[in-house]
S.K.: 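Below you'll find the structure I mean.
Atom set for the values below is all heavy atoms of this structure, side chains included, hydrogens, waters and symmetry mates excluded. Letters go in sequence order (proteins before strands), and every chain restarts at 1.
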2 protein chains.
Amino acid sequence: MTHKRTHTHTPEPNPTTQAPTHAYLQIGEVAERTGVTQRTLRFYEEKGLLKPPTRLDGGFRLYSEDDVLRVEQIKRLQGLLGFTLADIKDMVEAEEVKSQIKATYRKDAEISERRDKLRKAKEVTVGQVAVIDQKLAALHDMKSHLEEKLDQYDTWLQHLEEQSRAQAR
Amino acid sequence: MTHKRTHTHTPEPNPTTQAPTHAYLQIGEVAERTGVTQRTLRFYEEKGLLKPPTRLDGGFRLYSEDDVLRVEQIKRLQGLLGFTLADIKDMVEAEEVKSQIKATYRKDAEISERRDKLRKAKEVTVGQVAVIDQKLAALHDMKSHLEEKLDQYDTWLQHLEEQSRAQAR
DNA sequence: GCCAACCTTGACGTGCACGTAAACGACAGG
DNA sequence: CCTGTCGTTTACGTGCACGTCAAGGTTGGC
């Protein structure tokens, strides 16, 4: 009989914090949950879209839930918005910059340093919003264009129905 | 000295109808105006996205203003909505009914057929609008997410400034 | 300790959407 | 008629985003 390996890799005991949703995932599970192939996950890593995950002693990749979220983010950016992986890399790097800022943000640091980091994070985010705004504008433009066309179709259909009625008599 | 050829090909005298915006365009002009390469225009023709344009006796392609519009439409469908050229081909074929609607005598039998085609063309456009709405929703979602963060950054910056003022005293 | 399931790193292949080069013909100002 | 510019076809090349083996190593239930 075939038997599944129910690998639940918990690198740390993890006593109280966080329910053991799945602890750490290996590549097959991540692939299944995100709907991309293992190849794609390795490819994204190679291209710098995913940070190199921790490894098991034997070399198996161990992903976090955050990685799953990131993959889903990548998929959204790619599939819905049509960005190239190069574009997306910039965006996830911006995300990375922000989390870096978060990580190095110290309550006890100099106020001016904290302010600078916050401003930097804000700047990055503003850039992201700008990219989105561009897409939004283009899409709105196209939509109004299409709706104009729909009106045209409707008037033509009107015409045809009139002709149809005229001929029925 | 180099001299430009100011080719203005007007196949018909075209007396009263339409201002002579540019008459008929050859491939270089279309390429320049649409922002795609000549190769791309020939490629689209080969793939059935553009109907074979009329030719000059020597074989030069002569495009119409409608062709320019179509190329721009193709670019939007591809770049903004992320459709493949195969998808787009189906769409523009359904839209081909437009040229049919203009000509043709209205025989009774053809009226219902044309109405069906028009409805199909309208459906295609409606589908495109639906895709746009999806993307708009996704983008708005992302944007509000980012703006939430921006607000967060701003309030933190506010806090810092207050502390800074308190310390100045 | 066995073995099936799972993973690893190459390396080559594929579909799409063109890019690029070569060799040649067509158009029009002078 | 000459010449510079523009266009034609044919054919091979390219970048992206993976797909698809191949050959081997790792893990864990039994």
S.K.: Round to a whole Å and report the spacing from CG of A:D57 to C1' of D:dG28.
M.R.: 14 Å
S.K.: Rounded to whole angstroms, how far apart are CD on B:E32 and P on D:dT5?
M.R.: 15 Å
S.K.: Specify the separation, in whole Å, of atom CG of A:L25 and atom P of D:dT27.
M.R.: 17 Å
S.K.: Rounded to whole angstrom units, what separation is found between the CD atom of B:Q26 and the C1' atom of C:dG25?
M.R.: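 Rounded to whole Å, this separation is 14 Å.
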S.K.: Counting only side-chain heavy atoms from C-beta out, which of D:dC18, D:dG7, D:dG19 sits nearest to A:F43?
M.R.: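 So the nucleotide nearest the side chain must be D:dC18.
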S.K.: Quick one: is C:dA17 close enough that its OP1 or OP2 comes under 4.0 Å of any side-chain N or O from B:Q78?
M.R.: no
S.K.: With distance as the sole criterion, do the side chain of B:R61 and the base of D:dT8 form a donor-acceptor contact below 3.5 Å?
M.R.: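 When only heavy-atom distances are counted, B:R61 does not reach the base of D:dT8 through any donor-acceptor pair under 3.5 Å.
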S.K.: For C:dC18, does OP1 or OP2 lie under 4.0 Å from any side-chain N or O of B:Y44?
M.R.: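 So the side chain of B:Y44 is within the cut-off, an N or O lying under 4.0 Å from OP1 or OP2 of C:dC18.
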S.K.: Taking only the side-chain heavy atoms of A:T84 (C-beta and beyond), determine which of D:dT27, D:dA17, C:dC18 contains the nearest atom.
M.R.: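 It is D:dA17.
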S.K.: I'd like to know if B:K51 and B:E96 make a salt bridge, using a cut-off of under 4.0 Å between side-chain N and carboxylate O.
M.R.: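 Looking at B:E96 together with B:K51, the answer is no, because their closest N to O distance does not fall below 4.0 Å.
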S.K.: Rounding to an integer number of Å, can you tell me how far A:I27 CD1 sits from D:dT26 C1'?
M.R.: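 Nearest whole value for this atom pair: 14 Å.
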S.K.: Give the minimum heavy-atom separation between B:K75 and B:V36, together with the two atoms involved.
M.R.: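 Minimum heavy-atom separation between B:K75 and B:V36: CD-CG1, 3.5 Å.
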S.K.: Can you measure A:D87 atom CG to D:dA17 atom C1' for me and round it to whole angstrom units?
M.R.: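 It works out to 14 Å between those atoms.
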S.K.: Return no unless some side-chain N or O of B:T40 is found under 4.0 Å from OP1 or OP2 of C:dA17.
M.R.: no
S.K.: Does A:K89 pair with A:E93 as a salt bridge, N-O distance under 4.0 Å?
M.R.: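 Here A:K89 pairs with A:E93 in a salt bridge, since their nearest N and O are under 4.0 Å apart.
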S.K.: Just the rounded figure in Å: distance from P of C:dA26 to CZ of B:F60.
M.R.: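 The answer, rounded to whole Å, is 8 Å.
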S.K.: Does A:Y63 or B:T37 map to a spot on DNA chain C nearer the 5' end, using the closest nucleotide for each?
M.R.: A:Y63
S.K.: Quick one: A:L62 CG to C:dC7 P, roughly how many Å, whole number?
M.R.: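 Rounded to the whole Å, the gap is 10 Å.
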S.K.: Verify the contact: side-chain N or O of B:R55 to OP1 or OP2 of D:dT9, cut-off strictly under 4.0 Å; return yes or no.
M.R.: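 So the side chain of B:R55 is within the cut-off, an N or O lying under 4.0 Å from OP1 or OP2 of D:dT9.
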S.K.: Among the nucleotides D:dT27, D:dT9, C:dC7, which one has an atom lying closest to any side-chain atom of B:R42?
M.R.: D:dT9
S.K.: Is there side-chain contact between B:F83 and B:V131, with heavy atoms separated by less than 4.5 Å?
M.R.: yes
S.K.: Does B:Q38 put a side-chain nitrogen or oxygen below 4.0 Å from OP1 or OP2 of D:dG7?
M.R.: yes
S.K.: Tell me which of A:K47 and A:G59 sits closer to the 5' end of DNA chain D, going by the nucleotide each one is nearest to.
M.R.: A:K47
S.K.: Got a donor-acceptor pair under 3.5 Å from the side chain of A:R39 to the base of D:dT20?
M.R.: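 Present.
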S.K.: Indicate yes or no: does A:K149 engage B:E95 in a salt bridge with an N to O separation below 4.0 Å.
M.R.: yes
